[in-house]
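Written below as structure tokens is the structure these notes are about.
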Amino acid sequence: MNKIGIIIAREFNERVRKKTFIITTILTPILMLGLMAAPTLMMLFAKGDSKTLLVVDESQIIAPQLKGNDELEFRLSDLSLEQARTDESVFGVLWIGKDVVDNPSNAKLYTNSSSSMTLEENISSQIEAVIESERLKRYDIADLEQILKDVEVNVMLTTFRNDVSSVEGEAEEATSSVVSYLLGLVLGLMLYMFLIMYGSMVMTSVIEEKGSRIIDVLVSSATPFQLMMGKILGVASVAVTQIAIWGVLICGVSSILMPALMPDDMAQTISAVQSGAMTTTEADIDADMLSALNFASDTGSLVMMFVWLLLFLVGGFLFYSAMFAAIGSAVDSVQDSSQLQTPIMIPIILALIISMSVSNDPNSGLVFWGSIIPFTSPIVMMTRIPFDIPTWEIILSLVLLYISVVAMAWLAGKIYRVGIFMHGKKPSLKELISWIKQ
Amino acid sequence: MYILQAENVTKRYSEHTALDNVSIQVPKGSVYGLLGPNGAGKSTMIRVINRITIPDSGRILFDGKPITDEDIYKIGYLPEERGLYKKMKVGEQAIFFARLKGLSRKEAIVRLREWFIRFDLQDWWNRAVEDLSKGMAQKVQFISTVLHEPKLLIFDEPFSGFDPINANLLKQEILRLRDNGATVIFSTHNMSSVEEICDHITLINKSHNILSGSVGELRHRFGENIFMVTYQGEEELLKQSVGSLAEVLDCRKQEDTPYTVARISLKDGVAVRDAIAKCNAELDMRSFQEVQPSMNEIFIRAVEGTL
């Protein structure tokens, strides 16, 4: 086994056996699922105590039509406002003016403790609805209720792509920008997180070896370039392992659990829609929802997504971690490194900003070039991939990225070779560049 | 036959000169001491030999040829500041360094077992390095340095941080390595270790090589015709007998014995055999021997410039 291999093995074994690695690998998917389920859970658990509001309605129109729910109970009151306000056993008093239909701002809420946005939203939207219908009544239209029911619509746009050719005879697949956007954003953010997290892991570990003088022993056994590449590739293999574990988990969960979790009638509706027997409107499900479910249960495209993710992750990581390693070699402590990190952080953050604009137009000039030029390409391309862009763009981006990885490793190796033996003064960026020329 | 030669090595830093035209020759199979006070340039010399520091001028020859990276990867180097991965387990770590030096995992384990028993470390195989005491960590690093049985070993201050018992153990191991055919170069400012184990020394002071040679030759060279005489009788007796040939430096009666021990310094031009003959004729003499200066004395005198 050659020396780089021995170093990779050490880096990999030491990191993968760490408790923190095992914990983050297991906990992150759970955390993600938790985040997705959070809104539902919050609705379940965040229910406050039920509150009672005294309603003093001088217009006599609104109060009878207010509907309470589990959290809020409206109690009509005959008391005057002043008397009602002295009652501290209730949550508060809602006062509605005589001319509220013509002057909608003439309604006031007095509370005995802090109120909440949802509560205020609830009350004002109810009052709005009552006032709207009161005002409509003034026009004396016959069959008003029937007309209102008739005009109520909810548009669901189903999008099809002409350029993404579907196989003859197969039903065209509906696409959804919303799902692509969210997926792209998640992938881009994930890559961003990995680049920074694992990149700084490389840097810290280079600084540790330099600071503890382990490096003196190491360079009497292997060349600086072997040491640097061994470290970078070792940490990369840890990152790939983590992503692979997640990939297998998610693909497995979606292929096994999704059909099992989905209610039978819903699955039937979806397959009916997919086969074209039913339109989405008839089925009364959202096209976005459909496309999300489609995607989640389509193991093939999930696997493909992970393959792309891995390729860009490894390329992007090698590219950036070479720079992180060079900076780590040049300084004596992590604190000293922050200034030198700026040239690395700027393109990473720029990539994140560009990828935010992908949803506006996944093929704009900025986004296209951002996804081709190696500094920003891993993150930007990852956000673009869910939009079904031409494969040659992805391949081109990958080829350029991997060529730049070689160039960057070469440059970083030159800095590393000088940096690991420099102690004391913190070098400037200019000095780092002068080391390349040495 | 020299295994390693440094020729006219000079290394300047912005504010000071660490080595000024220093040359050393290390004979094959010797224990070579690089001595000198703190800050003299010993560590710089060792780092130049290891190609960690590039000298401004001068060159290093290994087996008569300019030293290469490949040569470096074969030697064993123990740096002054000990570096081990703190979180890594002792055994795994020793195996890692051994494999970097070209041993197979299997071979490394076999040899490590042996060394760990000799250094009484066998219970620490699966412990993290951060759990070890400083002395134990040094033993581990020493083992990692010598495990691949290199022809040339370079130790920078190997005894610092060891208690006398372990320092002694280390000395025995260094001698054993030499007896097995290795050449050992080590730096130290601790002179007591020098006489016991060094064959050759170089004394570096203020970036210069001020003294080089084999230990026996140096001690002889700096001997000052001082002899120790043990005899029966009083001090006056000695003065009467050799007073014309030598000066009596000091005289001390050995307790509970009838003997007196005296140090005498022969006057210029006096032959040792004449002094012995005189003492033998006039005193009841038990012994007559040369007093050689200790390396410590030579060291101090050389550094102070009074040689």
Side-chain angles (χ1 to χ4, degrees), chain A residues 1-21 201 204-231 234-235 329 332 413-414 416-425 427 431 435 438, chain B residues 13-15 43-44 46-54 67-89 92-106 108 128-130 137 140-142 144-145 147-148 150 152-156:
Chain A
M1 204 172 179
N2 68 15
K3 285 173 184 174
I4 294 185
I6 296 168
I7 296 164
I8 292 175
R10 192 200 83 84
E11 294 288 338
F12 182 81
N13 287 330
E14 283 304 298
R15 284 168 208 284
V16 168
R17 283 188 211 150
K18 262 192 196 158
K19 282 195 195 91
T20 46
F21 176 82
M201 201 184 272
T204 325
S205 144
V206 169
I207 294 175
E208 187 208 333
E209 273 173 11
K210 186 185 173 189
S212 61
R213 309 283 174 135
I214 297 169
I215 198 76
D216 286 7
V217 182
L218 291 176
V219 291
S220 70
S221 309
T223 66
F225 189 74
Q226 287 173 328
L227 296 175
M228 188 187 84
M229 286 317 288
K231 171 148 308 240
V235 176
S329 75
D332 285 333
K414 295 207 136 200
Y416 184 90
R417 194 193 54 190
V418 180
I420 44 174
F421 299 125
M422 290 284 170
H423 288 282
K425 201 169 100 15
E431 282 171 272
W435 292 352
Q438 268 185 28
Chain B
Y13 291 105
S14 51
E15 278 123 42
S43 285
T44 308
I46 283 178
R47 291 168 73 87
V48 166
I49 294 172
N50 276 305
R51 286 166 69 94
I52 290 174
T53 302
I54 305 300
I67 196 162
T68 63
D69 282 342
E70 282 309 311
D71 295 327
I72 299 294
Y73 302 150
K74 283 185 205 128
I75 69 181
Y77 168 48
L78 180 78
E80 181 177 13
E81 285 178 72
R82 312 292 186 252
L84 291 170
Y85 293 104
K86 289 193 191 69
K87 305 269 178 208
M88 209 172 168
K89 283 179 181 162
E92 279 300 312
Q93 181 143 227
I95 292 172
F96 168 68
F97 284 117
R99 291 178 70 205
L100 272 188
K101 286 290 188 189
L103 290 184
S104 71
R105 169 178 288 271
K106 225 170 151 188
V129 167
E130 59 191 350
V140 173
Q141 188 149 18
F142 178 82
S144 301
T145 310
L147 197 71
H148 62 294
L152 179 62
L153 286 158
I154 301 178
F155 304 136
D156 201 350

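Just so you know, these numbers come straight off a predicted model, no measurement behind them. Order of the sequence lines sets the chain letters (A, B, ...), proteins ahead of strands, with each chain counted from 1. Computed over heavy atoms, backbone and side chain alike; hydrogens, waters and symmetry mates excluded.
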Original post:
Looking at Asn50(B), Thr145(B), Leu84(B), which makes the most heavy-atom pairs under 4.5 Å with chain A?
Top reply: Leu84(B)

Original post:
Are any of the side-chain heavy atoms of Ser220(A) and Ile75(B) separated by less than 4.5 Å?
Top reply: no

Subject >> Closest heavy-atom pair and its distance - Gly83(B), Ile214(A) >> reply: C-CG1, 3.5 Å

**OP:** Taking the side chain as every heavy atom from C-beta outward, state whether Tyr77(B) and Val219(A) have any pair of such atoms under 4.5 Å apart.
**Re:** no

Original post:
Would you call Asn13(A) and Glu92(B) a side-chain contact if the rule is heavy atoms closer than 4.5 Å?
Top reply: no

Original post:
So which part of Gln226(A) gets closer than 4.5 Å to some heavy atom of chain B, the side chain, the backbone, both or neither?
Top reply: neither

Subject >> Region of Phe97(B) that comes under 4.5 Å of a non-hydrogen atom in chain A >> reply: side chain

Subject >> By side-chain contact (heavy atoms from CB on, under 4.5 Å) - contacts of Pro150(B) (at least two apart) >> reply: His148(B), Leu153(B)

Original post:
Does any heavy atom of chain A fall under 4.5 Å from the side chain of Gln141(B), the backbone, both, or neither of them?
Top reply: side chain

**OP:** Can you measure from NZ (Lys89(B)) to CZ (Arg17(A)) and round to the nearest 0.5 angstrom?
**Re:** 6.5 Å

Original post:
What is the minimum heavy-atom distance between Arg99(B) and Ile6(A), and which atoms define it?
Top reply: O-CD1, 3.3 Å

Original post:
Looking only at heavy atoms, what is the nearest atom pair of Ile7(A) and Phe96(B), with distance?
Top reply: CA-CE1, 4.1 Å

**OP:** Would you list the pairs meeting salt bridge (charged side-chain N to carboxylate O under 4.0 Å, His left out) in which at least one residue belongs to residues 5-16 of chain A, sequence neighbours left out?
**Re:** Glu11(A)-Arg15(A), Glu11(A)-Lys231(A)

Original post:
Hey, what do you get for CD (Glu208(A)) to NZ (Lys86(B)), rounding to the nearest 0.5 Å?
Top reply: 6.0 Å

Original post:
Under a 4.5 Å cut-off applied to non-hydrogen side-chain atoms, are Asp216(A) and Arg47(B) in contact?
Top reply: yes

Original post:
How many angstroms lie between atom CD1 of Ile4(A) and atom CG of Leu100(B), to the nearest 0.5 angstrom?
Top reply: 11.0 Å

